[in-house]
Chemist: 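Provided herewith is a single structure, encoded as structure tokens, for subsequent inquiry.
Note that this is a predicted model, so its numbers are computed, not measured. Note: hydrogens, waters and symmetry copies are ignored here, and every other heavy atom, side chains too, is used.
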Amino acid sequence: MISYIFFSLVLSGAIFCAVRMATNDLKRRIIPDVYLFPFLFAGLLITTFFPWPITVADSVIGGSMGYCLGLVVGFIFEKIKKKQKYPPIGMGDIKLLGAGGIWLGTMGLAIAMVISCVLSGIWGYRNKQKYIPFAPFFLVGGFLSLIIIQFLI
């Protein structure tokens, strides 16, 4: 009984942090660490101590792969960019990929990346945006990825 209450509190805190990260990224183009690190820590707690569709080992590997993937993409875009006002990918996005890998594992991270890239590309093309906030689309892709992992795989 107490474990269900603790699980509900941790999960609701993580949802609150996710919503705040998405709204801050939409409004100010920044993902604050004050919401990102509790979101990451909640993912570690839930995947370690509660029944979750992702194993602890896959969670750690997914977090490492998400962070490394973000660093590689950021490094590539940094090398090919021309004089731009904003960097193509920020450190908040890279840390969010690492946190998403902890929540989703390797396969879930891949599914979430595909969904979020397609959604953000459509949104950017439709709104004629040059700079696209990635956090809202990644969080929607992560949620859809959890549904796909839980029910279809």
Chemist: Looking only at heavy atoms, which two atoms of Gly141 and Ile115 are closest? And how far apart?
Modeler: CA-CG2, 3.6 Å
Chemist: Does Asn24 use its side chain to pair, donor to acceptor, with the backbone of Arg29 at less than 3.5 Å?
Modeler: no
Chemist: Per the side chain to side chain donor-acceptor pair (under 3.5 Å) rule, what does the pair list look like for residues 101-112, sequence neighbours excluded?
Modeler: Asp58-Thr106
Chemist: Quick one: do Ile94 and Phe39 end up in the same hydrophobic cluster if we chain Ile, Leu, Val, Met, Phe, Trp and Tyr together by side-chain heavy atoms under 4.5 Å apart?
Modeler: yes
Chemist: If you count heavy atoms of other groups shown closer than 6.0 angstrom to CZ of Phe37, is the number above 12?
Modeler: yes
Chemist: What is the minimum heavy-atom distance between Pro53 and Ile149, and which atoms define it?
Modeler: CB-CG2, 4.2 Å
Chemist: Assess whether atom CZ of Phe7 is packed by more than 12 heavy atoms of other residues, nucleotides or ligands within 6.0 Å.
Modeler: yes
Chemist: On the 0 to 90° scale, with breaks at 30° and 60°, tag the Phe6-Phe50 ring pair as parallel, tilted or perpendicular.
Modeler: tilted
Chemist: How close do Ala14 and Ala42 get, counting heavy atoms only, and between which atoms?
Modeler: CB-CB, 3.9 Å
Chemist: Grab the two heavy atoms, one from Leu26 and one from Pro133, that are nearest each other, plus how far apart they are.
Modeler: CD2-CG, 3.6 Å
Chemist: Look up atom CD1 in Ile132 and atom CG in Leu119, then write down how far apart they are to the nearest 0.5 Å.
Modeler: 11.0 Å
Chemist: Considering only distance and modelled atom types, tabulate donor-acceptor pairs under 3.5 Å from the side chains of residues 65-72, sequence neighbours left out.
Modeler:
none

Chemist: Verify, without hydrogens or angle tests, whether Thr48 (side chain) and Leu45 (backbone) share a donor-acceptor contact under 3.5 angstrom.
Modeler: no
Chemist: Closest approach of Asp93 and Ala135, non-hydrogen atoms and distance?
Modeler: OD1-N, 4.4 Å
Chemist: Judged by atom type as modelled, is there a donor-acceptor pair below 3.5 Å linking the side chain of Ser116 to the main-chain atoms of Phe138?
Modeler: no
Chemist: If you look at every heavy atom in Pro38 and Asp33, which pair is closest and at what distance?
Modeler: CD-O, 3.9 Å
